[in-house]
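A short worksheet on the structure shown next.
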Amino acid sequence: MPKFLQQRWHGYYTVWAFMLMLLLVIIVIRYNWPLGIISLILVAALCYLLLKAEMRYRKNLLEYINGLSFRVKRVEGEAINTLPFGIVLYGEDKTVEWNNRYICKIFEQKSLVGDSLQELFPSLSSIMNEKKDGSHKDGHKDNHKDGQKHFQTEIKIGESYYHLMLNTEERLIYLYDVTEMAVLREKYESEKLAIGIMMMDNLDEAAQGMDDQQRTSLIAKVTTEITEWAKHYEVYLRRLSSDRYLMMLNYKSLQELEKSRFVILDEVREMTAELKVPMTLSIGLGFGPESISELGELAQSSLDMALGRGGDQAAVKAGQRLSFYGGKSNAVEKRTRVRARVIAHALRDLIQESDKVFIMGHRLPDMDVIGASIGVLKAAQIYNVEAYIVLPGTNPSIERMMAQVQKDEKLMERFISPEQALAMLNPHSLLVVVDTHKASMTMEPKLVQNASRIVVVDHHRRGEEFINDAVLVYMEPYASSACELVTELLQYIHEKIQLTPMEATMLLAGIAVDTKHFALHTGSRTFEAAGFLRRSGADTIQIQRMLKEDLQEYLAKSDIIKHAKMVYDHVALAKTEPGAVIPQLLIAQAADTLLNMTDVVASFVISERPDGLIGISARSLGRMNVQVVMERLGGGGHLTNAAVQLKGSVEEAEQQLLEVLAQIEEKEGLFE
């Protein structure tokens with residue numbers, strides 16, 4: 001019993017009270033002894049009664065405490081068993097040693113003793129094996145307190161969700177039901193708003209030559225198909241113009257659309273297949289931000305991305321994730337040159353407002369980069385603006401072309417190094433980037449960072465990385481090459497432009513290389529551009545000499561092709577022997593040669609490059625989108641022409657490529 005209870009009766013105040021009473025009794029006895037004797041008897045009786053009462057109090061208190069302790073111990077066990085959350089104690093062998101009754105209800109068993117944690121909680125194995133501090137890769141959290149280690153995660157058992165807390169020091173697991181909160185969270189996530197914009201990206205081309213009635217009938221037919229598709233996936237569709245729609249949907253519907261891989265793209269294309277130019281759609285969707293205005297901007301940028309990649313596809317931007325669907329057809333060639341004329345006039349104004357113009361292409365430049373750069377240089381020279389082409393050095397793909405350029409001293413003086421360009425760059429300079437739209441792929445990314453005004457001229461499909469602060473962008477994926485685009489711009493940039501035979505030859509050489517001598521990616525405007533260059537004095541014999549193959553290179557290419565194998569019946573895959581180092585140009589040429597073989601729809605060539613990276617060149621005839629394959633590996637390109645550079649070994653690169661091909665074949669099929 002506590003001391004403060006034991007001292008309750010015989011404390012100082014009680015003792016002094018009895019001593020005072022005894023003193024008074026003694027005084028009474030001295031003056032009147034009979035009365036004193038009576039007083040003494042009364043005081044003694046009072047002391048006896050108080051002592052008996054105190055003993056009885058202590059006995060009752062002790063009985064009460066003992067009874068309460070018994071009840072607490074009895075209720076403690078009952079409370080642990082009936083708590084509204086589960087408790088599990090497990091041993092060093094990861095089997096259950098004890099559990100309360102609540103967790104038995106969760107698993108609908110009488111007892112879990114002896115059961116393995118691996119069977120009860122499969123997701124726990126990775127957590128319990130994890131020895132690192134902080135957050136785990138799969139999102140589990142560690143909380144440290146008093147030297148103990150705690151893990152928290154959420155698991156699903158049956159139709160219910162539970163929050164699991166694991167104490168590895170005590171080998172203890174707590175489990176409590178959070179189904180209501182999890183359901184509300186899922187409902188909130190599934191009902192979050194997504195905004196999209198759908199566009200008939202080639203309505204004018206598809207309706208070319210139709211009268212008003214036929215055009216209206218075509219639009220009505222496509223609109224009906226789109227409306228039925230929207231109803232099926234619970235998408236609110238609002239028509240903004242004859243070729244543009246606003247889409248509003250929730251995240252759940254967006255997930256369903258992504259699972260279906262936007263089947264409406266194929267349905268509309270197949271439905272209008274009988275037209276000379278089948279109708280295609282482009283869709284841009286944005287999801288993530290809470291603000292409606294930000295969602296709208298995200299949807300528009302996604303649509304721009306889809307159109308920049310050639311159309312006939314959907315681009316979905318959800319936070320940091322950017323996904324593309326479709327893109328199975330080649331970009332439709334624009335039959336009108338209005339855009340080329342507008343861009344040419346805008347470029348002319350920018351050149352005239354600048355004191356210097358710097359022209360730059362991608363790393364390891366090819367003939368298309370050099371030809372397009374010479375074309376832009378010509379545009380600046382027409383208006384007497386100082387212009388330079390940035391070139392860090394030559395490579396095998398442009399050696400013969402640069403040998404011809406060196407014969408023209410005035411032209412050769414216009415080539416400078418990236419260091420010289422950085423030193424000469426000022427706020428009034430103009431940077432023109434040709435044949436790429438990715439800052440990281442340019443010859444000198446610092447030029448892009450420091451330039452105040454940038455123009456992009458490119459024919460590749462737009463990727464996730466883009467020079468967003470460019471003042472003028474001319475991207476046309478239908479074009480065969482950057483040289484074709486620059487040739488069209490030159491025809492509108494000045495009324496009486498006159499190219500020298502050297503300039504015309506370089507531009508035509510760029511077109512010839514990218515089209516494989518006009519065999520691939522060619523449209524009517526490609527031949528029109530080539531015709532203009534030929535009239536300007538382009539020397540086709542000189543181009544043929546520049547494109548001649550070296551005998552040793554041809555033998556090396558033949559050795560690569562010798563090791564080719566067929567996968568998925570129509571895909572040729574070749575890789576070089578370990579230790580063999582092949583230039584990127586030769587890798588690409590080997591892929592082109594494989595594409596000419598019977599029954600080959602697409603070709604992939606893998607080899608180590610001189611810079612230590614593993615290069616993969618991909619080619620196809622249109623039935624397979626090799627751009628999508630290369631993008632999943634971190635590269636990019638066109639539907640029929642793409643590439644990627646990877647770190648590692650040739651065998652690892654081959655394995656990664658085969659895994660991507662297997663994923664695409666399983667989800668949507670490799671071939672159209």
Side-chain angles (χ1 to χ4, degrees), residues 358-381 387-418 421 432-436 441-444 457-459 479-487 490 499-521 526 529-530 532-534 536-554 557 583-589 592 610 617 641 643:
F358 297 93
I359 308 137
M360 178 173 63
H362 54 74
R363 291 195 306 270
L364 295 173
D366 53 15
M367 289 187 179
D368 192 27
V369 169
I370 303 301
S373 298
I374 291 173
V376 177
L377 177 71
K378 179 68 174 181
Q381 290 175 339
Y388 300 94
I389 298 172
V390 181
L391 185 67
T394 61
N395 61 72
S397 62
I398 60 171
E399 279 180 351
R400 294 188 183 92
M401 176 179 262
M402 291 307 298
Q404 297 296 324
V405 171
Q406 287 172 359
K407 295 177 181 179
D408 188 333
E409 293 184 3
K410 289 185 178 180
L411 180 58
M412 196 60 199
E413 289 175 356
R414 298 292 98 189
F415 285 83
I416 61 174
S417 67
V432 181
V433 178
V434 297
D435 205 30
T436 184
M441 290 188 65
T442 57
M443 297 177 191
E444 181 50 77
V457 179
D458 190 19
H459 68 111
S480 67
S481 56
C483 284
E484 178 186 332
L485 295 176
V486 171
T487 301
L490 287 173
L499 298 175
T500 65
M502 171 68 75
E503 293 164 343
T505 300
M506 297 304 156
L507 282 164
L508 186 58
I511 297 175
V513 167
D514 272 22
T515 59
K516 305 295 180 291
H517 294 285
F518 300 91
L520 299 172
H521 316 300
T526 308
F532 168 75
L533 295 172
R534 189 73 180 88
S536 299
D539 188 347
T540 54
I541 302 299
Q542 188 175 343
I543 294 172
Q544 187 66 28
R545 284 199 295 267
M546 286 191 289
L547 295 177
K548 277 190 175 183
E549 287 190 68
D550 181 78
L551 178 59
Q552 296 303 319
E553 290 182 355
Y554 186 84
K557 183 172 66 175
Q584 181 64 41
L585 178 62
L586 199 58
I587 300 172
Q589 289 175 346
D592 288 328
S617 279
N641 183 336

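- Side-chain atoms of Val405 and Phe415, non-hydrogen and from C-beta on, do get closer than 4.5 Å to each other.
- Within the 4.5 Å cutoff, the side chain of Leu364 has no heavy atoms near those of the Met443 side chain.
- Contact between Val390 and Ser417 at its shortest, heavy atoms only, is CG1-C, 4.2 Å.
- Within the model, atoms CG of Leu586 and CD of Gln589 stand 5.5 Å from one another, a figure rounded to the nearest 0.5 Å.
- Between the Arg534 side chain and the Ala504 main chain, no donor and acceptor come within less than 3.5 Å of each other.
- For the pair Ile389/Ile374, a side-chain contact is recorded, criterion being any heavy-atom separation below 4.5 Å from C-beta on.
- Side chains of Lys378 and Leu499 form a contact here, defined as non-hydrogen atoms less than 4.5 Å apart.
- Of the listed residues (Leu490, Thr505, Leu508), just one forms a side-chain contact (heavy atoms from CB on, under 4.5 Å) with Leu533, and that residue is Leu508.
- Contact check for Phe358 versus Val432: no side-chain heavy atoms found under the 4.5 Å cut-off.
- Rounded to the nearest 0.5 angstrom, Cys483 SG and Met506 CE are separated by 10.5 Å.
- Side-chain atoms of Met412 and Met402, non-hydrogen and from C-beta on, do get closer than 4.5 Å to each other.
- Checked against salt bridge (charged side-chain N to carboxylate O under 4.0 Å, His left out), Asp539 has no partners two or more places apart in sequence or in another chain.
- Taking a 6.0 Å sphere around CD of Glu409, one finds it holds 12 or fewer heavy atoms contributed by other residues, nucleotides or ligands.
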Residues Val376, Val434; criterion side-chain contact (heavy atoms from CB on, under 4.5 Å); working and verdict
CA-CA 9 Å; Val376 177; Val434 297; 4.2 Å; yes
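- Tyr554 OH: 12 or fewer foreign heavy atoms inside a 6.0 Å radius.
- For the residue pair Glu484 and Thr526, a side-chain donor N or O sits within less than 3.5 Å of a side-chain acceptor on the partner.
- Atoms CD1 and CD1, from Ile511 and Ile543 in turn, are 9.0 Å apart once rounded to the nearest 0.5 Å.
- Rounded to the nearest 0.5 Å, atoms CD1 (Ile416) and CE (Met360) are 10.5 Å apart.
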Please determine whether side-chain contact (heavy atoms from CB on, under 4.5 Å) holds for the pair Gln544 and His517, giving the CA-CA distance in whole Å, both sets of side-chain angles, and the decisive distance to 0.1 Å.
CA-CA 10 Å; Gln544 187 66 28; His517 294 285; 3.9 Å; yes
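- Heavy atoms only, all atoms of each residue included: Gly510 and Ser481 are closest at O-CB, 4.1 Å.
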Give the intermediate values and the outcome of side-chain contact (heavy atoms from CB on, under 4.5 Å) for residues Val513 and Asp368.
CA-CA 7 Å; Val513 167; Asp368 192 27; over 6 Å; no
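- Proximity of Arg545 to Arg400: side-chain heavy atoms (C-beta onward) are nowhere separated by under 4.5 Å.
- At least one donor-acceptor pair closer than 3.5 Å links the side chain of Asp366 to the backbone N or O of Val369.
- Distance check: Thr442 OG1 to His362 NE2 gives 11.0 Å after rounding to the nearest 0.5 Å.
- Between the side chain of Asp435 and the backbone N or O of His459 there is no donor-acceptor pair closer than 3.5 Å.
- Side-chain atoms of Asn395 and Pro365, non-hydrogen and from C-beta on, do get closer than 4.5 Å to each other.
- Listed by chain and residue number, Glu503 satisfy the side-chain hydrogen bond (donor to acceptor under 3.5 Å, both in side chains) test with Thr500 (two or more places apart in sequence, or in another chain).
- The minimum heavy-atom distance linking Asp514 with Ser480 is given by the pair CB-O, 3.5 Å.
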